[in-house]
Amino acid sequence: MRLSRFPLHTTKETPADAEVVSHQLMLRAGYIRKLGAGLYTWLPIGLRVLHKIEAIIREEMNRAGAVEVLMPSVHPAELWQESGRWQQMGEEMLRFKDRHQNDFAYGPTHEEVICHHFRQDFRSYRQLPVNFYQIQTKFRDERRPRFGVMRAREFIMKDAYSFHMDREDLAREYENMRQTYARIFTRLGVDFRIVQADSGNIGGSQSEEFHILAGSGEDLLAVSDSGSYAANVEAAACLPPQTPRPAPTQALEKVATPGQRTCEQVAKFLNVPLTGKVKLLVVKGADGGLVALALRGDHQLNEIKAAKHPLVASPLTFAAPEEVQRVFGCEVGYLGPVRCPIPVIADHAAAAIADFVCGANENDHHLRGVNWGRDCREPQVADLRMIVEGDPSPDGVGRIKFYRGIEGGHIFQLGRKYSAAMHLSVLDDKGQAVVPEMGCYGIGVTRLAAAVIEQSHDAAGMIWPDAIAPFRVILCPIGMDKSETVRVAVETLYAELVAAGVDVLLDDRGQRPGVMFADADLIGIPHRIVIGDKGLAQQQYEYKHRRAGKPEMIPATTAAVLEKLGT
RNA sequence: CGGGGUGUAGCUCAGCUUGGUAGAGCGCUUGCUUCGGGAGCAAGAGGUCGUAGGUUCGAAUCCUGUCACCCCGACCA
């Protein structure tokens with residue numbers, strides 16, 4: 001490609017409303033332009049990256065035996081009503097009516113649609129297993145789109161849906177996809193981790209996320225410092241304390257704590273460590289009443305764990321302050337398990353401390369020297385808290401360290417949640433109707449491009465891995481319009497590289513060297529060849545890898561260039 | 001959804017408090033010079049100041065509505 005014929009619009013200034021590096025660089029390098037909140041156009045150079053990512057995904061999905069389809073982005077409401085998600089999805093799903101006043105949604109995901117097609121054509125176990133995938137545009141009306149294409153509303157996703165006669169076969173395909181994803185992420189050249197995940201509102205049992213490690217990542221990952229354990233903090237189990245609860249040593253005592261509401265305030269006011277305080281959170285119970293969750297003062301509630309507890313309503317709903325006032329007779333800052341009017345579920349860690357401080361269920365008062373069993377009932381104990389750094393790894397190997405990650409892929413064993421709701425049925429080898437098991441597997445294609453930049457850039461711009469660079473090599477001729485020698489040399493090299501099948505960009509704009517170099521660095525082309533009279537006089541080109549500090553001279557031959565490209 | 005903020009040239013922004021002929025830098029066009037890390041000089045083109053209404057002799061500026069966009073929050077008592 002000749003740069004004189006290729007629209008590339010770079011800018012020196014960093015756009016004001018871009019926070020993360022990838023967003024800034026994509027705007028500055030002319031990869032994307034914003035159309036509206038969470039809506040981005042991919043300009044020619046950016047689209048080349050996207051296509052290369054898609055090509056790798058296609059190759060690996062095909063290799064893994066999946067088959068490509070393309071489903072509509074607009075879905076009739078009936079399908080979503082059938083699965084029940086028309087009601088469940090909420091504001092995130094964009095809905096609208098057609099000219100006949102029929103309801104439609106812009107698809108945020110495609111379980112319903114693929115299930116519909118499956119039941120049209122699949123009758124027999126002989127046709128299974130099958131794994132359909134597509135690379136397609138989705139729309140999710142995020143409450144707050146941000147970080148450019150990293151959390152956009154419209155985005156491109158590779159989604160796949162597999163169907164199986166039994167769980168064993170689903171587990172086999174899940175593992176197949178797991179390995180396929182690992183190959184895809186490896187080929188993309190990113191540093192990634194596979195972590196245990198919560199399956200969220202998509203449902204299902206086993207689920208793992210593929211995270212690209214990056215400081216700007218939105219997700220927090222709990223990773224063992226010496227073992228193989230890795231999980232999204234949302235899904236990380238916490239081990240119960242190893243040591244038994246100490247025996248009580250203090251007497252129960254009520255103390256005035258005027259105006260001290262938060263755990264931090266109370267701990268400081270009474271000069272006790274935060275770890276010696278128990279806090280109570282009041283949520284709606286599964287039976288419609290209220291339930292209190294007890295946590296150690298320094299711990300945070302893991303809402304997902306709490307919502308899964310049989311006594312707790314799902315989704316987790318906090319009691320309104322007025323409701324707490326009515327039931328406890330005090331404000332929320334002074335709650336405690338002693339003479340608590342509602343059932344208490346305590347986190348393992350909170351249940352394991354003695355002589356603790358907690359609210360007195362009376363405004364401006366707390367209790368100290370409180371002990372489970374002696375001063376209040378022994379609580380039900382459960383794992384309710386967020387894991388923290390330094391905790392023992394849940395698999396018993398090593399301690400937990402936190403990393404930030406960008407979720408680039410997510411694989412699920414859905415089971416029969418959708419296949420049952422959508423009334424799928426195939427006959428097995430005994431002629432019995434069976435509801436197939438489903439798996440689903442997603443990769444955020446547009447997000448991956450941003451994630452790679454987050455992980456691979458420097459002060460001058462992006463640094464693309466060869467596999468997905470918009471161009472592998474850029475040719476920068478110095479004084480092309482002045483020197484016939486340079487012009488002939490660069491045109492020859494360009495033609496031969498094109499003939500060799502190399503994605504080559506020729507900067508024939510006639511710009512000054514500084515402009516050419518700055519643009520080449522900004523758009524992140526991995527290899528750069530400079531052709532000038534000085535070098536040619538020595539029969540040499542100048543070669544520089546985007547990551548290298550200094551250029552080197554190589555023989556002025558196409559073969560030498562191809563060798564540098566590793567082709 | 002709650003709170004805060006911003007809409008002025010293609011881009012980044014100033015001007016608004018205190019109403020009086022629309023500004024800068026970057027980019028763009030032309031010419032000359034320059035030519036190995038975002039050149040210099042000169043001359044130009046380019047804006048119904050988001051939008052609707054109000055106040056006023058007069059509104060980018062003050063007031064009201066509205067739309068768009070951005071930020072923070074939306075569990076942790």
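As the structure is a computational prediction, the values presented were derived from the model and not from experiment. Lettering follows sequence order; numbering is per chain, from 1.
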Counting Watson-Crick and G-U wobble pairs only, both distances under 3.5 Å, name the nucleotide matched with [N], or none.
| N | value |
| --- | --- |
| B/rA68 | B/rU6 |
| B/rG73 | B/rC1 |
| B/rG47 | none |
| B/rA39 | B/rU33 |
| B/rU55 | none |
| B/rG27 | none |
| B/rU17 | none |

Nearest-angstrom distance from the residue atom [atom1] of [X] to [atom2] of [N]:
| X | N | atom1 | atom2 | result |
| --- | --- | --- | --- | --- |
| A/Gln265 | B/rA77 | CD | P | 9 Å |
| A/Glu323 | B/rC75 | CD | C1' | 16 Å |
| A/Ile523 | B/rG38 | CD1 | P | 18 Å |
| A/Ile474 | B/rG37 | CD1 | P | 16 Å |
| A/Glu142 | B/rC1 | CD | P | 16 Å |
| A/Ile304 | B/rC76 | CD1 | P | 16 Å |
| A/Asp347 | B/rC76 | CG | P | 18 Å |
| A/Asp533 | B/rC35 | CG | P | 14 Å |

Between [M] and [N], how far apart are the [atom1] atoms? Round to whole Å, please.
| N | M | atom1 | answer |
| --- | --- | --- | --- |
| B/rG15 | B/rU21 | C1' | 15 Å |
| B/rA59 | B/rG53 | P | 13 Å |
| B/rU17 | B/rC63 | C1' | 16 Å |
| B/rG4 | B/rG65 | P | 13 Å |
| B/rU8 | B/rC16 | C1' | 11 Å |
| B/rC71 | B/rC49 | P | 27 Å |
| B/rG5 | B/rG47 | P | 32 Å |
| B/rG19 | B/rG3 | P | 31 Å |

### Donor-acceptor pair under 3.5 Å, A/Gln511 side chain vs B/rG38 base
no
### Summary
For residues 531-540 of chain A, the side chain to side chain donor-acceptor pair (under 3.5 Å) pairs (sequence neighbours left out) are A/Ser483-A/Asp533
Examine distances only and state if a side-chain atom of [X] and a backbone atom of [Y] form a donor-acceptor pair shorter than 3.5 Å.
| X | Y | answer |
| --- | --- | --- |
| A/Glu542 | A/Pro551 | no |
| A/Ser456 | A/Ile463 | yes |
| A/Arg95 | A/Trp86 | yes |
| A/Trp372 | A/Ala350 | yes |

Students often get this wrong, so: under 4.0 angstrom with heavy atoms, is [X] touching a base, only sugar-phosphate, or nothing?
| X | answer |
| --- | --- |
| A/Gly532 | base |
| A/Val530 | base |
| A/Lys482 | base |
| A/Arg28 | base |
| A/Cys476 | nothing |

### Message
Just checking A/Glu91: does its CD atom have more than 12 heavy atoms from other residues, nucleotides or ligands closer to it than 6.0 angstrom?
### Response
no
### Query
Taking atom CZ of A/Arg374 as the centre, does the number of heavy atoms from other residues, nucleotides or ligands within less than 6.0 Å exceed 12?
yes
Protein-nucleic acid N or O pairs under 3.5 Å, nucleotides 31-33 of chain B:
none

### Message
Would you call the rings of A/Trp464 and A/Tyr31 parallel, tilted or perpendicular, taking 30° and 60° as the class edges?
### Response
parallel
### Message
Which is more 5' along RNA chain B, the nucleotide nearest A/Met386 or the one nearest A/Asp519? Just name the residue.
### Response
A/Asp519
### Message
Which is more 5' along RNA chain B, the nucleotide nearest A/Gly36 or the one nearest A/Thr10? Just name the residue.
### Response
A/Thr10
### Query
Pick from A/Arg528, A/Glu563, A/His527: which one makes a side chain to side chain donor-acceptor pair (under 3.5 Å) with A/Tyr543?
A/His527
### Task
Give the nucleotide from the list B/rC11, B/rG37, B/rG36 with an atom nearest to the side chain of A/Glu13.
B/rC11
### Query
Among B/rA77, B/rG27, B/rG36, which is the nearest nucleotide to the side chain of A/Lys12?
B/rG27
### Task
Establish, yes or no, whether the cationic atom of A/Arg140 lies under 6.0 Å from the six-membered ring centre of A/Phe155 and within 45° of the ring axis.
no
### Query
Where along residues 278-303 of chain A does a heavy atom come under 4.0 Å from RNA chain B, residue by residue in number order?
A/Lys279, A/Leu280, A/Leu281, A/Val282, A/Gln300, A/Leu301, A/Glu303
### Query
Any side-chain heavy atom of A/Lys34 within less than 4.5 Å of one from A/Leu39?
no
Under-3.5 Å N/O pairs linking protein and nucleotides 72-74 of chain B:
{"residue": "B/rC72", "atom": "OP2", "partner": "A/Arg144", "partner atom": "NH1", "Å": "2.7"}
{"residue": "B/rC72", "atom": "OP2", "partner": "A/Arg144", "partner atom": "NH2", "Å": "2.4"}

### Task
Check whether any side-chain nitrogen or oxygen of A/Arg512 sits under 4.0 Å from OP1 or OP2 of B/rA39, and answer yes or no.
yes
### Message
At less than 4.0 Å, is any side-chain N or O atom of A/Lys34 found next to OP1 or OP2 of B/rC70? Yes or no.
### Response
yes
Cut-off 3.5 Å, no hydrogens considered: what does the side-chain donor-acceptor table look like for residues 505-526 of chain A, sequence neighbours left out?
{"residue": "A/Asp507", "atom": "OD1", "partner": "A/Arg509", "partner atom": "N", "Å": "3.4"}
{"residue": "A/Asp507", "atom": "OD1", "partner": "A/Arg509", "partner atom": "NE", "Å": "2.9"}
{"residue": "A/Asp507", "atom": "OD2", "partner": "A/Arg509", "partner atom": "NH2", "Å": "3.0"}
{"residue": "A/Asp508", "atom": "OD1", "partner": "A/Leu3", "partner atom": "N", "Å": "3.3"}
{"residue": "A/Asp508", "atom": "OD1", "partner": "A/Ser4", "partner atom": "N", "Å": "2.8"}
{"residue": "A/Asp508", "atom": "OD1", "partner": "A/Ser4", "partner atom": "OG", "Å": "3.1"}
{"residue": "A/Asp508", "atom": "OD2", "partner": "A/Ser4", "partner atom": "OG", "Å": "2.8"}
{"residue": "A/Arg509", "atom": "NH1", "partner": "A/Asp519", "partner atom": "OD2", "Å": "3.0"}
{"residue": "A/Arg509", "atom": "NH2", "partner": "A/Asp519", "partner atom": "OD2", "Å": "3.0"}
{"residue": "A/Asp519", "atom": "OD1", "partner": "A/Thr10", "partner atom": "OG1", "Å": "2.8"}

### Query
Measuring from A/Thr257:OG1 to A/Leu367:CG, what's the distance to the nearest 0.5 Å?
9.0 Å
### Query
Strictly under 6.0 Å, is that where the ring centroids of A/His365 and A/Tyr334 end up?
no
Side-chain polar contacts of residues 276-291 of chain A - donor-acceptor pairs under 3.5 angstrom, sequence neighbours left out - could you list them?
{"residue": "A/Lys279", "atom": "NZ", "partner": "A/His299", "partner atom": "O", "Å": "2.7"}
{"residue": "A/Asp287", "atom": "OD1", "partner": "A/Gly289", "partner atom": "N", "Å": "2.9"}

